[in-house]
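Only one structure is covered here, and it is reproduced in the block below.
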Amino acid sequence: MISSELNVSDGQPQVFIVGKAPNQRRIAFRRRAPVQSGAPGVIWLSGYRSDMGSTKAAALDAEAERRGLALLRFDYSGHGRSEGRLEDGTISRWLEETLALLRAESEGPQILVGSSMGGYLALLTARALREAGETERVKGLVLIAPAVDFTEALIWAKASDEARHAIMEQGLWRRPSAYSSEPDCFTRELIEDGRKHLLLGGMIRTGAPTAVLQGMRDEDVPFSHALALMQRFGGDPATLTLVKDGDHRLSRPQDLELMFAALERMTPIHTPSSD
């Protein structure tokens, strides 16, 4: 690990090394130090091909500053300022990075806030911590258009025969992206690795309250997917907020307020005094 400063939310990001050679990668991250003592921290988990500088990530960082909360955000390998190629990415790889950063660069209970693939990784992180006997590390989850099991349910299941052939025989399928001039990249390894991490086939136990925010005009993760997810939560409090005119990003000011409100419900804190 390259040692980090207490507060690196501004300026150049710091770097944390994950994995062992030849699979080591330098993961860029930013960490905001807490002002509130005893309050849970917040960890932002980005979506596929997004990064820690996105609209929602930056807004959440500003909200954490306003509330005096610690906040950790980072780029997965192959994303943003981190090392690696997108083509080498898998759910296992990005989950390893998430757990490594959480354990090394955060302390105490955390609220996991994840968007799209980040919502999926938040649930996988909670499961991994639960299995490791670290249930106290998760205070709550805020999932924004969570793309749970997306490699299987949202990519493979909806892919054409031609796309499936490209994945299986050529090892790679490139699909035009609605958010970038560069196409999305789905590999055979991503699809096959994803089958090791499926959640919707059984009950999901998070060990903490979960809030799901979902747009009803989402063309990437349909709201029916969020409804299916809600049926899988067992034993832990879970709420679903449907935004009638919301798209996949849910990054308008009114959408951001929903994210802040969910955070507030999980950790009601007074705004730090200016005195």
Side-chain angles (χ1 to χ4, degrees), residues 39-48 56-57 60 64 69-74 76 91-92 94-103 105-154 194-215 218 221 223-242 250 258-269:
V42 181
I43 297 179
W44 169 257
L45 300 176
S46 301
Y48 174 78
K56 290 192 292 292
L60 186 63
L69 297 174
L71 185 132
L72 172 66
R73 47 183 170 141
F74 63 95
Y76 314 117
I91 302 302
S92 292
W94 295 326
L95 177 60
E96 178 190 18
E97 292 159 8
T98 301
L99 288 166
L101 267 292
L102 180 149
R103 285 169 168 148
E105 297 295 340
S106 73
E107 297 179 358
Q110 301 293 310
I111 298 173
L112 307 179
V113 184
S115 176
S116 193
M117 183 181 78
Y120 180 24
L121 286 169
L123 289 170
L124 292 174
T125 296
R127 182 174 71 173
L129 293 171
R130 183 184 180 89
E131 291 174 349
E134 300 176 69
T135 53
E136 76 286 350
R137 294 303 310 275
V138 180
K139 173 71 173 180
L141 298 95
V142 179
L143 312 179
I144 304 164
V148 180
D149 294 1
F150 80 98
T151 53
E152 192 70 15
L154 301 176
R195 291 173 179 148
K196 304 174 186 177
H197 301 283
L198 300 180
L199 292 174
L200 294 177
M203 299 305 294
I204 299 173
R205 298 296 303 271
T206 63
T210 300
V212 179
L213 309 178
Q214 176 68 50
D218 189 337
V221 181
F223 73 89
S224 59
H225 198 71
L227 294 174
L229 172 62
M230 292 300 294
Q231 293 178 326
R232 293 298 178 181
F233 287 123
D236 303 305
T239 61
L240 170 63
T241 300
L242 293 175
L250 287 183
L258 291 174
M259 177 174 67
F260 300 154
L263 185 66
E264 168 68 21
R265 289 193 297 272
M266 292 180 183
T267 173
I269 322 174

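Predicted model, so just to flag it, every value in this text is computed and none were measured. Side chains are part of it too, since the values below use all heavy atoms of this structure and drop only hydrogens, waters and symmetry mates.
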Mind checking the [atom1]-[atom2] spacing from [X] to [Y]? Nearest 0.5 Å is all I need.
X: L229; Y: L240; atom1: CG; atom2: CG; result: 8.5 Å
X: E105; Y: E107; atom1: CD; atom2: CD; result: 9.5 Å
X: R73; Y: L45; atom1: CZ; atom2: CG; result: 13.0 Å

Results of ring-ring contact (aromatic ring centres under 6.0 Å, His included) for Y48 - residues two or more places apart only: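 Y48: ring-ring contact (aromatic ring centres under 6.0 Å, His included) contacts with F186.
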Partners meeting ring-ring contact (aromatic ring centres under 6.0 Å, His included) with F74 (sequence neighbours left out):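 Counting only residues at least two positions away or on another chain, F74 forms a ring-ring contact (aromatic ring centres under 6.0 Å, His included) with Y76.
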Test side-chain hydrogen bond (donor to acceptor under 3.5 Å, both in side chains) applied to S116 - qualifying residues, sequence neighbours left out: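 side-chain hydrogen bond (donor to acceptor under 3.5 Å, both in side chains) check on S116 returns H248.
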Side-chain (Q214) to main-chain (V221) donor-acceptor, under 3.5 angstrom: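 It does hold such a pair.
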Under 3.5 Å: donor-acceptor pair, side chain of H225, backbone of A147: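 No, the answer is negative, given that no donor and acceptor are paired below the 3.5 Å cut-off.
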Per-pair distances, 0.1 Å, donor-acceptor, side chain in residues 120-131, under 3.5 Å, sequence neighbours excluded:
{"residue": "Y120", "atom": "OH", "partner": "H197", "partner atom": "O", "Å": "2.8"}
{"residue": "T125", "atom": "OG1", "partner": "L121", "partner atom": "O", "Å": "2.7"}

Residue pairs passing the salt bridge (charged side-chain N to carboxylate O under 4.0 Å, His left out) test where at least one lies in residues 141-153, sequence neighbours excluded: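 Sorted result for residues 141-153: E152-R195.
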Heavy atoms from other residues, nucleotides or ligands near NZ of K139 exceed 12 (cutoff 6.0 Å):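 No - once you tally the heavy atoms of other residues, nucleotides and ligands closer than 6.0 Å, there are 12 at most.
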Contacts of T151 that satisfy side-chain contact (heavy atoms from CB on, under 4.5 Å) - sequence neighbours left out: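 T151 satisfies side-chain contact (heavy atoms from CB on, under 4.5 Å) with I91, L190, I191 only.
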